[in-house]
Amino acid sequence: MRRAWLGCVIALALAACTPDGPVPPETSPAPASAKSPAPGFYGTTEPFAENAVYFVVTDRFVNGDPSNDQRDQGRPHPSFDIPVECPDGIDGNIGYLGGDFKGILDNAGYIRGMGFTAVWITPIVDNPDQAFTGGDAISCGSSLTDRGKAAYHGYWGMNFYRLDEHLPSAGLDFAAFTAGMKAQGLKTVLDIVANHSSPAYTMPERQPGFGQVFDADGALVADHQNLPPAELDPANEPLHRFYSTKPDLAQLGDFDPASPEAMDYLVGAYLQWIGQGADAFRIDTIRHMPHPFWKEFSDRIRAEHPGFFMFAEAFDYDAAKIAAHTLPENGGVSVLDFPMKEAMQKVFAEGADFSLLADALHLQGDPYANPYELATFYDNHDMARMDAGDAGFIDAHNWLFTARGIPVVYYGSETGFMRGRGEHAGNRNYFGQARVDAAAGHPIQAALTRIANLRRQSPALQKGLQLDLRLQGDEAAFYRVYDDGDNAQIALVLLNKGDAARTMEVTEFLEPGDWRDGFDGTVQTVEGVLAAEVPAHGVRLFLHDAPPRRDDLRARLRSLMDHQPSSMLP
């Protein structure tokens with residue numbers, strides 16, 4: 001999961017040269033005047049931690065090329081524009097709606113302008129053309145029900161080597177897409193599935209593609225044959241060897257983790273997409289395969305691409321359970337921080353005390369391999385969107401982009417799009433170019449742009465150790481400290497989620513000297529106390545571009561470093 005320390009230093013040097021965003025280029029951290037003793041102070045050396053991630057369900061973002069919509073596809077079970085009616089009149093949709101690579105690439109400047117440096121897109125592999133006829137009937141807000149649903153989301157792969165035809169345009173295949181994103185300063189995080197194919201049984205009559213897997217040449221290599229898992233016969237039927245004989249999620253064709261054929265197929269497919277420009281993987285449903293499977297998978301991927309970063313969905317709010325995936329012996333895959341998501345929901349949507357976030361940070365290391373490499377978020381496509389007012393989203397973003405972890409924001413949340421809506425009830429509804437164009441006037445988007453661009457300029461916010469001063473009531477105050485021996489920065493973060501401005505003072509561990517306002521660049525010289533008025537639902541952030549020198553601060557930071565895994569060290 002961790003690359004060489006030299007790569008980290010080079011990446012930071014390049015990042016410091018970035019001139020765009022609201023933070024002036026001259027405010028990039030200056031080299032420390034004196035090197036601190038090795039190994040320095042940092043939360044992680046992982047280069048991908050520099051990024052903030054914008055997550056899009058590709059089909060639902062922007063339809064950049066109507067010629068690839070496939071609007072007549074799938075008959076007699078058409079797959080385009082299938083509304084799901086909801087009693088309150090805000091409907092969902094379970095058909096394709098036209099979003100594609102061009103829609104994302106056309107808006108790369110919009111995404112980058114908000115301060116994001118990576119885009120997580122849903123799976124790109126070829127999916128069945130028809131709407132599924134098996135499973136359970138869908139209703140507004142239902143879960144794990146698939147009858148009548150199309151594969152617009154991309155998670156129902158049938159050929160993992162081929163690009164789904166709804167996504168590319170003339171001259172814009174996946175390789176061209178990733179190259180175009182890189183030219184706009186954006187990495188591509190590819191969502192991958194390795195535990196299942198498409199829905200595979202309960203169909204009244206077999207449908208083409210469902211429960212079938214094809215190789216790069218289009219040859220059929222696996223077929224569930226519309227049989228329930230218990231009726232599969234992998235010992236005698238070669239087309240059953242990919243599949244498990246035990247049911248798991250809905251009616252999906254679950255892969256057998258012990259199948260060498262399935263492993264070879266999946267590794268080959270995903271190495272292909274890395275070769276075409278994928279910069280990182282988000283792994284779907286990781287807990288539905290055992291650790292030895294992921295250990296082999298990640299080892300084989302990293303044998304070809306050392307240090308390749310992956311984070312996964314382990315849908316569980318118990319840190320001890322999801323942390324197991326991050327351990328090197330289990331594959332060394334980071335995870336989406338579900339425990340932090342649960343705490344953020346309570347604090348920013350339900351008005352709970354900042355103190356609820358403290359335990360979710362796990363700053364002493366256990367149980368994660370490295371908590372600073374977790375992907376932090378407050379909602380996504382598999383749950384109800386956060387149901388908060390504008391101020392709640394602003395407060396959530398101020399925390400998300402200053403606290404430890406790699407921030408992930410779901411498309412549309414910059415305007416509170418479909419807030420509170422669950423799956424099949426609007427959670428994944430179409431965003432569209434008109435909403436993108438109007439977003440710049442939205443207060444959530446303006447505040448998000450401000451804090452995300454500051455993080456983009458700050459190695460302390462990206463990789464620094466977090467030292468909490470106080471998390472209580474409507475106030476949070478903490479340091480982020482980064483010192484690699486050549487570059488050093490201390491960030492002091494002050495958050496106020498209250499409805500009135502307040503003056504916050506910090507004396508603990510405060511380095512004397514010059515502190516620069518992260519937003520306007522003004523410098524104040526402090527001795528003993530730093531006081532600042534923090535606006536209602538606001539953030540103040542001060543930067544000290546020098547290594548920590550106070551003995552008590554260095555001792556506290558060393559304690560934090562000592563409690564982190566030895567694998568953190570360069």
Side-chain angles (χ1 to χ4, degrees), residues 54-75 77-86 88-108 110-111 119-133 138-143 145-158 163-169 172 174 177 191 198-199 209 379-385 410-419 421-439:
Y54 189 72
F55 169 35
V56 300
V57 175
T58 305
D59 177 74
R60 302 310 174 86
F61 186 55
V62 172
N63 187 351
D65 179 10
S67 71
N68 63 17
D69 287 357
Q70 319 294 336
R71 293 183 179 231
D72 295 325
Q73 190 178 72
R75 299 184 186 281
H77 305 289
S79 56
F80 193 89
D81 192 8
I82 310 169
V84 177
E85 295 184 359
C86 291
D88 59 7
I90 303 175
D91 295 341
N93 201 293
I94 54 174
Y96 286 93
L97 292 176
D100 46 34
F101 289 160
K102 190 173 187 299
I104 297 174
L105 190 55
D106 284 350
N107 290 287
Y110 165 76
I111 297 170
V119 177
W120 156 15
I121 61 173
T122 40
I124 61 173
V125 302
D126 197 21
N127 279 226
D129 296 339
Q130 296 183 346
F132 184 53
T133 60
I138 286 174
S139 61
C140 180
S142 64
S143 180
T145 55
D146 293 324
R147 187 181 304 162
K149 188 175 187 175
Y152 69 88
H153 44 67
Y155 293 96
W156 292 351
M158 68 175 188
L163 197 59
D164 192 273
E165 65 274 15
H166 296 83
L167 302 176
S169 301
L172 189 62
F174 184 65
F177 169 73
D191 204 325
S198 59
D379 65 18
N380 64 24
H381 60 320
D382 287 328
M383 60 186 63
R385 286 179 179 260
Y410 190 33
Y411 81 96
S413 289
E414 66 269 29
T415 62
F417 179 63
M418 290 290 152
R419 65 187 86 193
R421 309 297 296 188
E423 187 178 2
H424 304 153
N427 171 287
R428 305 179 186 180
N429 277 13
Y430 182 71
F431 197 52
Q433 192 63 53
R435 289 190 177 92
V436 170
D437 294 342

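For the single chain, residues carry numbers from 1 onward in sequence order.
Between M418 and I90 the shortest side-chain heavy-atom distance falls below 4.5 Å. In this structure the side chain of I104 never reaches within 4.5 angstrom of the side chain of V62, judged on heavy atoms. At a threshold of 4.5 Å between non-hydrogen side-chain atoms, the residues I124 and F177 do not count as touching. Two residues are said to be in side-chain contact when any heavy atoms from C-beta on lie closer than 4.5 Å; Y410 and F417 fail this criterion. Between R419 and D379, every side-chain heavy-atom pair lies at or beyond the 4.5 Å cut-off. Between I138 and K149 the shortest side-chain heavy-atom distance falls below 4.5 Å.
Heavy atoms from other residues, nucleotides or ligands lying under 6.0 Å from CD of E85 number 12 at most.
Test D65, D106, L163 against F101 for side-chain contact (heavy atoms from CB on, under 4.5 Å) and you get one pass: L163.
Under the 3.5 Å distance criterion, the side-chain polar atoms of N68 are left unmatched by any main-chain donor or acceptor of S169. Proximity of a side-chain donor or acceptor of Y430 to a complementary backbone N or O of G98 within less than 3.5 Å is not detected. With hydrogens and angles disregarded, a donor-acceptor distance shorter than 3.5 Å links the side chain of D59 to the backbone of L97. No side-chain donor-acceptor contact under 3.5 Å links R428 to the backbone of G92. At distances below 3.5 Å, at least one donor-acceptor pair connects side-chain atoms of N127 with backbone N or O atoms of V125. Between the H424 side chain and the S142 main chain, a donor and an acceptor come within less than 3.5 Å of each other. At least one donor-acceptor pair closer than 3.5 Å links the side chain of N427 to the backbone N or O of N380.
Aromatic rings from Y152 and H166 are positioned such that their centres are separated by 6.0 Å or more.
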Checking D81 against N93 for the side chain to side chain donor-acceptor pair (under 3.5 Å) test, could you report, in this order, the C-alpha distance in whole Å, the side-chain angles of both residues, the deciding distance, and whether it holds? CA-CA 7 Å; D81 192 8; N93 201 293; 2.8 Å; yes
Please step through side chain to side chain donor-acceptor pair (under 3.5 Å) for the pair Y155 and D191, ending with a clear verdict. CA-CA 9 Å; Y155 293 96; D191 204 325; 2.5 Å; yes
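Residue A131 comes nearest to S79 through the heavy atom pair N-CB, 4.3 Å, listed as atom of the first residue, atom of the second, then distance. Looking at every heavy atom in both residues, I121 comes nearest to F174 through CD1-CE1, 4.1 Å.
A distance of 11.5 Å separates OG1 of T145 from CZ of F132, quoted to the nearest 0.5 Å.
Note on R421 versus D91: no salt bridge recorded, every NZ/NE/NH1/NH2 to OD/OE distance being 4.0 Å or above. Salt bridge annotation for D69-R71: present, with a cationic side-chain nitrogen under 4.0 angstrom from a carboxylate oxygen.
Judged purely by distance below 3.5 Å, without hydrogens or angles, the side chains of Y96 and Q73 never pair a donor atom with an acceptor atom.
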